[in-house]
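For this chain, numbers begin at 1 and follow the sequence in order.
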Amino acid sequence: MSVTSNMMTRLYLLLLPVVCLLGCAQPQPQTTSSVAAPKAGRGVFFIATNGNDQWSGLLPAPNRKGTDGPFGTLPGALSTIRGLRQRHDFTAGQSLTVFVGDGLYCAETPIVLTPEDSNLVLAASPGAKPVLSGGRPITGWKEVTVRGKKLWAADIPSVREGKWYFRELWVNGRRATRARHPNRGYLAIEGLPDHAPDWTQGHTRFRFHEGDLKSWDTVTNAEVVAMSRWVESRLPVTGVDEKEHIVSFGKRSVFELAPGDLYYAEGAFEFLDEPGEWYLDPASGTLYYLPRPGEQLAAIQAIAPRLAQVVRIEGRPEAGQFVEHVALRGLTFSHTEWYFPAGFSTGKNKPNISPASAAEIGGFAQAAVGVPGAVWGEGLHDCLFEDCRFTDLGNYGLELARGCQSNRVIRCEFSDLGAGGAKIGETRLRDQAAEQSRANEITGCRIHDGGKMFPSAEGIWIGQSPDNRLTHNLIYDFYYTGISIGWTWGYGRSLATNNTVELNHVHHIGAKSGGDGPILSDMGGIYTLGKQPGTVIRNNLWHDIAAIRYGGWGIYFDEGSSGILAESNIVYRTTHGGFHQHYGETNVVRNNIFAMGRDAQLQRTRTESHLSFSFVGNVVYFDTGSLLTGDWSGDNYDMDGNLYFDARPDAKPEQLRLGPCTWQQWQERGHDRHSLVADPLFVGPREGDYRLKTNSPALGLGFHAINLDHVGP
């Protein structure tokens, strides 16, 4: 139905300040169309939960007659707008705006944006908090008693028919726990009945400690999530032999398991014993929930994920067709889940796994790298995600994959994540410039509480992608690395160059702030791989990094990391050291503070014939463990102008040891000839206050004070 120009003129005048703030185009002259459109306010549309896709979308609410009003869905709005553009109702390149009203919008299929949707703003209406959901509300709850347990139950026919299964559930706005054993903490592997030929070959069973597992009636509905090295393996249980203490699986672990590796089990009815837990019976299609105190059956809002992705932005970079100048503002993306499809093979993402052993493995070799983003795109150019929330998700939040260039992610929040926060680029090396992801920016974002399904996922992952900027972000509460850059092991070709990591605050990596963990090893506040000339890591704060067996480092230059500058960072409270270089060349580490490493402060692992790194003008402060660990032979590294201090009460400066060397022997080898052993005079090192007092000897060495006033969002 059409609306009068007079009505729309008044509406446009009311909305004009908001519309302009959101960056949409000024109204253009009226063009001829078969659909009546107002002369003023053209290019502004609305969506609401009480809308209708058959309406014009030109009103923010239904009119009194119920004959016109907002669209009801985003796909409906996009379809109409595409039709209007095809009829040339708008000038070429004109930016259109769609305001989305408050409420929950459940998508039956992923919402798809294509190149024809370029020059578009999708924004929350002022004051609204719309949620674009990949889930489905669960209704029809009733009280039941099963095996003595008082539960709430809902029947889901599509589960019973084998058409739907899920591993995550959100109840009343909070993630509910898939029935888990133990409820908190972890069990430990007792031993392995089978010998793996090498560490890259996984196991299909292990031996558990007596009493840890039983042959419960529904145990074959359960999965064991086993941690080894730096990854998890999700292993469907096929049987439990209580006499031999052996649990068997339908998949193989990613790497070999070892005695003492941690695990937990989830998804059996017998584990349903704590408020907030749930169990899904695949045979009957019944969902059981043990309510939390204060929850009411009549008021329950339960949402289960149906889609792996709620939004897909599909450019075609190989054809030179891009989605350009699209802005998403103030939207929330929720309730998605990704899980391994039948016949899944992770071989292409496993740098150390032979193809023969790559099939039917319960995980990825690193960073849960194959888990997609709930919002996924390729071929995006100059697009914007601003003030959005990626929360209550079963996978990564946002993925800018092939051919995504010059996009910005500003002031967004990523939380309650099945995997990690954001992914930029791909694992694959692209030859064509149009297919390379590059020059993207993530700024002012809060990324936290991840690894709920895939503990090895990361806060931000950058693959084969150059020229990106990560600035002013707050990243915390992940079981694995905070920021990772690069996907080339060794000195081969790499595209991860000229990336900037600046003014970020990253903490509680490995062990979460609530006390859970560590459960994995070999991680960093920041982790790099391969040649990265031009990459800069500057003015960041890294602290509370913890690994279970080894490798809880602050700044971690792994295999082949080269050409990187790390300067003016503060790193403290790590389990295994503030800085570690596995191997690489021509890296520069200068004017940083490394403090309070538990086991060691600095580590070098491989001796090479070239210059490994320059470590100059840094302050290293500790009161436990050693100063150096690893292999410091060969002398192909430059260390000078540093200040070292062992703050233990009984430590004497002249007795400082650097590996096997005394201070004198170390200097005779040519290292630290202009360095000092002295108290740097921090304001409060045990409280995390690493400001230098004015009489600090570090300042006399030329150390530049590090200002953290602007670190984080």
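- With contacts defined as side-chain heavy-atom distances shorter than 4.5 Å, the pair Asp558/Thr528 does not qualify.
- The salt bridge (charged side-chain N to carboxylate O under 4.0 Å, His left out) search around Asp117 returns Arg82, not counting sequence neighbours.
- For the pair Trp230 (side chain) and Ala365 (backbone), a donor-acceptor distance under 3.5 Å is present.
- Relative to the ring axis of Tyr186, Arg180 places its NZ or CZ within 45° and under 6.0 Å from the centre.
- Arg184 and Glu274 are joined by a salt bridge, as a carboxylate oxygen and a charged side-chain nitrogen come within less than 4.0 angstrom of each other.
- Here the closest heavy-atom approach between residue Gly379 and residue Cys404 is recorded as N-SG, 3.8 Å.
- With rounding to the nearest 0.5 angstrom, the OH atom of Tyr288 is 10.0 Å from the CG atom of Leu272.
- Heavy atoms of other residues, nucleotides or ligands lying less than 6.0 angstrom from CZ of Arg428 number 12 at most.
- Side chains of Thr391 and Ser415: a donor-acceptor N/O pair is present below 3.5 angstrom, by distance only.
- A salt bridge links Arg178 with Glu266: the closest approach of a Lys/Arg side-chain nitrogen to an acidic carboxylate oxygen falls below 4.0 angstrom.
- The backbone N or O of Ala496 lies less than 3.5 Å from no partner atom in the side chain of Ser465, so there is not a single donor-acceptor pair.
- Between the side chains of Asp155 and Thr286, no donor-acceptor pair of N or O atoms lies under 3.5 Å.
- The 12-atom threshold is exceeded at CZ of Arg292, counting heavy atoms of other residues, nucleotides or ligands nearer than 6.0 Å.
- Shown here is Gln432, whose CD atom has no more than 12 heavy atoms of other residues, nucleotides or ligands within 6.0 Å.
- Taken to the nearest 0.5 Å, the CZ atom of Arg252 stands 11.0 Å off from the OG atom of Ser233.
- Under the 4.0 Å criterion applied to side-chain N and carboxylate O atoms, Arg411 and Glu386 are assigned as salt-bridge partners.
- Relative to the ring axis of Trp164, Arg136 places its NZ or CZ within 45° and under 6.0 Å from the centre.
- Taking both residues in full, the closest heavy atoms of Leu380 and Leu400 are given as CD2-CD2, 4.0 Å, listed atom of the first, atom of the second, then distance.
- Minimum heavy-atom separation, Pro130 to Tyr105: CB-CE1, 3.9 Å.
- At distances below 3.5 Å, at least one donor-acceptor pair connects side-chain atoms of Gln532 with backbone N or O atoms of Ile485.
- Heavy atoms only, all atoms of each residue included: Phe255 and Arg229 are closest at CD1-CD, 4.1 Å.
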Inset, instruction - Would you sort out whether Arg402 and Glu426 count as a salt bridge (charged side-chain N to carboxylate O under 4.0 Å, His left out), showing the intermediate values? - result: CA-CA 7 Å; Arg402 181 175 64 115; Glu426 303 175 275; 5.2 Å; no

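- Side-chain contact between Phe454 and Glu232 is present, with at least one heavy-atom pair separated by less than 4.5 Å.
- Taking all atoms of both residues into account, the shortest heavy-atom contact from Pro518 to Ala546 is CB-O, 3.6 Å.
- The shortest side-chain heavy-atom distance between Ile526 and Ile537 falls under the 4.5 Å cut-off.
- One distance of note links CG of Leu113 with SG of Cys383; it measures 8.5 Å at 0.5 Å rounding.
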Inset, instruction - I would like to know whether Tyr527 and Gln366 meet side chain to side chain donor-acceptor pair (under 3.5 Å); could you show each step before the answer? - result: CA-CA 12 Å; Tyr527 171 93; Gln366 193 158 310; 3.2 Å; yes

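- Within the 4.5 Å cutoff, no side-chain heavy atoms of Tyr476 are placed close to those of Arg446.
- In this structure a side-chain-to-backbone donor-acceptor pair under 3.5 Å is present from Glu399 to Gly373.
- In this structure, Arg316 is not positioned above the aromatic face of Phe322 in the sense of NZ or CZ being under 6.0 Å from the six-membered ring centre and within 45° of the axis.
- Arg438 places no side-chain N or O within donor-acceptor distance of the main-chain N or O of Asp467, the cut-off being under 3.5 Å.
- Put simply, the side chain of Ser253 never gets that close to the backbone of Gly202: no donor and acceptor are under 3.5 Å apart.
- Considering CD1 of Ile410 and SG of Cys445, their distance stands at 6.5 Å, rounded to 0.5 Å.
- No close placement of the His505 and His472 rings is indicated, their centers lying 6.0 Å or farther apart.
- When only modelled atom types and interatomic distance are considered, Asp516 and Tyr479 share a side-chain donor-acceptor pair under 3.5 Å.
- Here CG of Leu429 is found 5.0 Å from OG1 of Thr488. Values are rounded to the nearest 0.5 Å.
- Taking 4.5 Å as the limit, some side-chain heavy atom of Leu520 sits within range of a side-chain heavy atom of Ser456.
- Using modelled atom types and a 3.5 Å distance limit, the side chains of Gln309 and Thr336 yield no donor-acceptor pair.
- Of the possible polar contacts, none joining the Asp261 side chain to the Ala226 backbone as a donor-acceptor pair under 3.5 Å is found.
- Ion pairing of Asp416 with Lys452 is present here, as a side-chain N (NZ or NE/NH1/NH2) and a carboxylate O approach within less than 4.0 Å.
- For Glu277, there are no salt bridge (charged side-chain N to carboxylate O under 4.0 Å, His left out) partners at least two apart in sequence or on another chain.
- Side-chain atoms of Lys163 never come within 3.5 Å of backbone atoms of Pro157 as a donor-acceptor pair (strictly under, hydrogens ignored).
- In this structure, Asp387 does not pair ionically with Arg329, as no charged nitrogen and carboxylate oxygen lie closer than 4.0 Å.
- Taking NE2 of His335 as the start and CZ of Phe166 as the end, the distance is 12.5 Å to the nearest 0.5 Å.
- A 4.5 Å side-chain heavy-atom check between Leu132 and Thr332 finds every atom pair outside the cut-off.
- Contact check for Asp544 versus Ile509: no side-chain heavy atoms found under the 4.5 Å cut-off.
- The aromatic rings of Phe269 and Tyr279 sit perpendicular to each other, their planes meeting at more than 60°, with 30° as the lower class boundary.
- In this pair, His507 and His543 present their aromatic rings parallel. The plane angle is below 30°, not in the 30 to 60° band.
- Side chain of Asn172 to backbone of Ile300: no donor-acceptor contact under 3.5 angstrom is found.
- We find that Glu168 and Arg175 are joined by a salt bridge, their nearest charged nitrogen and carboxylate oxygen being less than 4.0 Å apart.
- Glu441 and Thr443 are linked by a side-chain donor-acceptor pair at a separation below 3.5 angstrom, with hydrogens and angles left out of the test.
- Side-chain atoms of Asn221 and Thr218 form no donor-acceptor pair, as typed in the model, at a separation below 3.5 Å.
- Between Arg312 and Glu378, none of the side-chain N atoms (NZ, or NE/NH1/NH2) sits under 4.0 Å from a carboxylate O, so this pair counts as no salt bridge.
- Aromatic ring centres of Trp376 and Tyr396 lie farther apart than the 6.0 Å criterion allows.
- Using a 4.5 Å heavy-atom threshold, the side chains of Val171 and Glu295 count as touching.
- Using a cutoff of 4.0 Å between basic side-chain nitrogens and carboxylate oxygens, Arg408 and Asp382 are not scored as salt-bridged.
- A donor-acceptor pair is defined here as one N or O able to donate and one able to accept, closer than 3.5 Å; no such pair exists between the side chain of Glu413 and the backbone of Arg389.
- Salt-bridge annotation for Arg174 and Asp392: absent, with no side-chain N of the basic residue lying under 4.0 Å from a carboxylate O of the acidic one.
- For Gly103 against Thr49, the heavy-atom pair with the smallest separation is CA-CG2, 4.0 Å.
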